Undergrad: 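Shown below is the structure under consideration.
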Protein chains: 2
Amino acid sequence: MSRDMLPTLRQLQYFRALADAGNFRKAAESLGISQPSLSQQIANLEKVLRVALIERGRAGAILTAAGREVLSRSVGILEDVKSVVGIAEQVGSGALGTYRLGASATFGPYLLPSVVRQLHSDHPTLRLFIRDGRPSDLLEDLFSGRLDLVLSQLPVLSSELNVIRLFREPLFLAVSRDHRLAARKNVEDMDLAGETLLVLSNGFSLHAQLVELAQTLGATLQRDYEGSSLDALRQMVAMNMGVTLLPALYAQSEVGPNDGDVALIPFRQGRVSRSIGLIWRRSSRNPPAFDAFSDQIRTVVRTKFSDILHLEG
Amino acid sequence: MSRDMLPTLRQLQYFRALADAGNFRKAAESLGISQPSLSQQIANLEKVLRVALIERGRAGAILTAAGREVLSRSVGILEDVKSVVGIAEQVGSGALGTYRLGASATFGPYLLPSVVRQLHSDHPTLRLFIRDGRPSDLLEDLFSGRLDLVLSQLPVLSSELNVIRLFREPLFLAVSRDHRLAARKNVEDMDLAGETLLVLSNGFSLHAQLVELAQTLGATLQRDYEGSSLDALRQMVAMNMGVTLLPALYAQSEVGPNDGDVALIPFRQGRVSRSIGLIWRRSSRNPPAFDAFSDQIRTVVRTKFSDILHLEG
DNA sequence: AAGTTTGATAGGAATTTCCTATGTCTCGGG
DNA sequence: CCCGAGACATAGGAAATTCCTATCAAACTT
């Protein structure tokens, strides 16, 4: 009976039933308990609240002023609690909830707006908070629980994480307008031999891929300056500091068909590309909403970006 | 674990503590319970809600999407419950609450507006719902719990009821303008001998008093038509169907000093009067607010009606 | 590899809730 | 005026829940 003692939900339920029924016996019956149990719980509630809620008289149970105040609030509280059960169920079934998605900077501006828009119309109560950043930072936030999902280039190498492949995004060769390859309709892997390849800084997933590619094809890596954004990289290419590979989504949207400050050349057969997938903690158990998200992304890729991207999985 | 099973407030409290602390051990400590107890209650909560709220991992306890939804609502619910405790305490101390007062029709228009106004400025959170009606109906509503208080003429004759005398209200003799007593400055009881006395219908407390008075003083009761309001009575008097006695408050306010359709004559020494008091169920235990109400009424009588009414008790 | 840290599990003690039986009070009928 | 009925409180013990100690399992740390 200490100072910060709270009434029990059960007590509030019983109290409401009592107020509805108007007397202890009927209320107890409607609750499926015995009359003494009800009397006791009501007495306890009054003890916790230190105020009489019910006037016991032959006219039955009459609410006191305190009882009336407590009743109206109790009804609200009980409804709130019931609604929590409903909410929990909805979230559990993937019909509702707010999820935090981290995405490489590339997707933020080009792909995700469509996804969010479509998601909002298909599942108005499923919300997505999107944060962008370097994939390595995003993955750390995913581990620490600050994010629920990450949309990023594969592969991702942790047994803690679950990955689903979504689509493949071709890379374009970007060269300055006066580069020897600038006029080519398309290129082969081997054409890169001897070129200086500009890359993003470590922490971006393109970094690792390009480093490997450079080694395989005999290109030289420009390591003195690593770009921190695709825009920066593009400008370096325009100034002829080297060549680079740009993801199709960025290339298509930001550089434009073929009139930008750099020339974009596709690889034959789309041989050079990166794979994009959705990643989450294995311990988050793949909630239904995650499937909804990947479905939405796939749908957007199919309906709006089928000329650029290739579905996978 | 049936369908309509509700989470426990304790579970919500524990869950909030867990979300705040970020891991089970610290949360259990902050709650003053052991870690297994906390684990168990959280597991039970998840079982009731049929959804995982917490992702257990080495990074500590991470909230799932469902957990985040449930958390925000839980916080609200817990605050609501805490506020109920506070509200109950305030009502118990008479600082807050809504009380239902029944009043004879006479007081509604003349006395109570001042009381309500003053009460509202002295105790803004104490509210009074006022209903008027025949005193007998009001008393029945008081018994049945539809009213908390009745302001009515005394005496009231039930051992179930508690009564506090508030003030005494003189009665005026009302006669038609051409009545033999119309010009008198004041009258004695005996002057009523032989007169035909008009009375309110049964159920009004004035009824009993006038019936008794008529018997004592040798006046004849006009029983064919009993008025259902003081206004009706007054009009019957004006038409010279008889005389009657009108309470001072009504007389003063409704008929005006001496230019109305009937002549109002005071009794010498205010010998004929009725006593007004506040009545409540003994079983309601005289809450502090009742004292506040009687104080307010007394204050209004003293400050605004001291020329008409006489304080008592 | 041993020691730490984190949460789950097991089994029994402590507390709470509930039930049956009984008590008190008041009412209404014989 | 007493008796039985109706309403709620009280008492004591049974049932269920909550909690604790002890122990386990898994994953870091050192």
Side-chain angles (χ1 to χ4, degrees), chain A residues 1-2 5-15 17-19 21-48 52-64 67 143-145 158-161 281-285, chain B residues 1-2 5-15 17-19 21-48 52-64 67 143-145 158-161 281-285:
Chain A
M1 303 306 136
S2 74
M5 187 94 177
L6 289 183
T8 293
L9 273 189
R10 180 177 272 133
Q11 288 167 351
L12 301 187
Q13 273 181 302
Y14 286 9
F15 177 56
L18 175 55
N23 78 59
F24 281 70
R25 195 166 296 282
K26 276 185 236 157
E29 188 182 355
S30 83
L31 288 166
I33 62 171
S34 70
Q35 168 265 312
S37 299
L38 178 60
S39 286
Q40 211 170 301
Q41 288 291 14
I42 298 297
N44 286 343
L45 178 58
E46 289 179 316
K47 195 148 59 168
V48 171
L53 303 172
I54 294 277
E55 225 178 286
R56 285 88 163 159
R58 57 217 98 290
I62 298 176
L63 289 179
T64 64
F143 275 117
S144 70
S158 165
S159 65
E160 295 286 307
L161 297 181
R281 269 168 272 118
R282 193 174 290 282
S283 61
S284 66
R285 295 293 176 77
Chain B
M1 300 311 137
S2 74
M5 187 97 177
L6 290 184
T8 293
L9 272 189
R10 178 176 276 133
Q11 288 167 351
L12 301 187
Q13 276 180 299
Y14 286 8
F15 177 56
L18 174 55
N23 78 60
F24 282 71
R25 196 159 238 95
K26 278 187 232 154
E29 187 183 358
S30 84
L31 288 165
I33 62 171
S34 69
Q35 169 264 311
S37 300
L38 178 60
S39 286
Q40 211 169 298
Q41 289 290 15
I42 297 297
N44 286 342
L45 178 58
E46 289 180 316
K47 195 148 59 169
V48 171
L53 303 171
I54 294 277
E55 222 179 287
R56 285 90 163 158
R58 52 226 104 286
I62 297 178
L63 289 179
T64 64
F143 275 117
S144 70
S158 165
S159 65
E160 294 287 306
L161 297 181
R281 270 168 272 118
R282 193 174 291 283
S283 61
S284 66
R285 296 265 201 255

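Naming convention: chains lettered A, B, ... in sequence-line order (proteins, then strands); numbering from 1 in each chain. Quick caveat, the model's predicted, so the values are computed rather than measured. What's counted below: heavy atoms across the whole structure, side chains too, no hydrogens, waters or symmetry copies.
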Undergrad: Output the rounded distance in Å from CD (B/E29) to P (C/dG7).
TA: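 One finds 13 Å between P of C/dG7 and CD of B/E29, rounded.
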Undergrad: Could you run through nucleotides 20-25 of chain C and give me one letter per nucleotide, 5' to 3': B if any protein heavy atom sits under 4.0 Å from the base, S if only the sugar-phosphate is that close, - if neither?
TA: BB----
Undergrad: Looking only at non-hydrogen atoms, find the nearest pair between A/G145 and B/I62 and report the distance.
TA: CA-CD1, 3.7 Å
Undergrad: Rounded to whole angstrom units, what separation is found between the CG atom of A/L18 and the P atom of D/dC8?
TA: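 After rounding, the reported distance stands at 8 Å.
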Undergrad: Distance check: side-chain N/O of A/R25 vs OP1/OP2 of D/dG6, anything under 4.0 Å?
TA: no
Undergrad: Under the criterion side chain to side chain contact (heavy atoms under 4.5 Å, CB included), I'd like the reasoning laid out for A/I33 against A/Y14: C-alpha separation, chi angles, the key distance, then a yes or no.
TA: CA-CA 10 Å; A/I33 62 171; A/Y14 286 9; 3.5 Å; yes
Undergrad: Decide side-chain hydrogen bond (donor to acceptor under 3.5 Å, both in side chains) for A/S37 and A/Q41; before the verdict, give the C-alpha distance in whole Å, the side-chain angles of both, and the deciding distance to 0.1 Å.
TA: CA-CA 6 Å; A/S37 299; A/Q41 288 291 14; over 6 Å; no
Undergrad: Check every atom of C/dC18, C/dG11, C/dA8 against the side chain of B/Q40 and return the nucleotide holding the closest atom.
TA: C/dG11
Undergrad: May I have the distance from A/R282 (atom CZ) to D/dA26 (atom C1'), rounded to whole angstrom?
TA: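 Result: 16 Å.
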Undergrad: Can you tell me how far C1' of C/dC19 sits from CG of A/L31, to the nearest Å?
TA: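 Rounded to whole Å, this separation is 15 Å.
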Undergrad: Between atom CG of B/L12 and atom CG of A/L9, what is the distance when rounded to the nearest 0.5 Å?
TA: 7.0 Å
Undergrad: Nearest nucleotide by nearest heavy atom, which residue falls closer to the 5' end of DNA chain C, A/T8 or B/F24?
TA: B/F24
Undergrad: For the atom pair OG (A/S158) and CZ (A/R281), what is the distance rounded to the nearest 0.5 Å?
TA: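 Between atom OG of A/S158 and atom CZ of A/R281 there are 11.5 Å.
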Undergrad: Please report, rounded to the nearest Å, how far the C1' atom of C/dC18 is from the CG atom of A/N44.
TA: 12 Å
Undergrad: For C/dT5, does either OP1 or OP2 sit under 4.0 Å from a side-chain N or O belonging to B/N23?
TA: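 No, outside the criterion.
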Undergrad: How close or far is atom C1' of D/dC8 from atom CD1 of A/I62, stated in whole angstroms?
TA: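 So the CD1-C1' distance, A/I62 to D/dC8, works out to 14 Å.
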Undergrad: For C/dT6 and B/R56 - does any side-chain N or O of the residue sit under 4.0 Å from the phosphate oxygens OP1/OP2?
TA: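 No, no such contact exists.
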Undergrad: With side-chain contact (heavy atoms from CB on, under 4.5 Å) as the test, pick out the partner of A/L63 among A/I54, A/L53, A/L18.
TA: A/I54
Undergrad: Start at the 5' end of DNA chain D and walk down; is the nucleotide closest to A/E46 or to A/R10 reached first?
TA: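 Per heavy-atom nearest nucleotide, the more 5' residue is A/E46.
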Undergrad: Which part of the nucleic acid does B/G32 contact within heavy-atom distance under 4.0 Å: base, sugar-phosphate only, or nothing?
TA: sugar-phosphate
Undergrad: Quick one: is D/dC8 close enough that its OP1 or OP2 comes under 4.0 Å of any side-chain N or O from A/S39?
TA: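 For A/S39, the contact criterion (side-chain N or O under 4.0 Å from OP1 or OP2 of D/dC8) is not met.
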Undergrad: Evaluate the criterion side chain to side chain contact (heavy atoms under 4.5 Å, CB included) for residue pair A/R285 and B/T64; output intermediate values, then yes/no.
TA: CA-CA 10 Å; A/R285 295 293 176 77; B/T64 64; over 6 Å; no
Undergrad: Rounding to an integer number of Å, can you tell me how far B/L9 CG sits from D/dT17 C1'?
TA: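 Rounded to the whole Å, the gap is 16 Å.
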Undergrad: How close or far is atom P of C/dC18 from atom CD of A/Q41, stated in whole angstroms?
TA: 5 Å
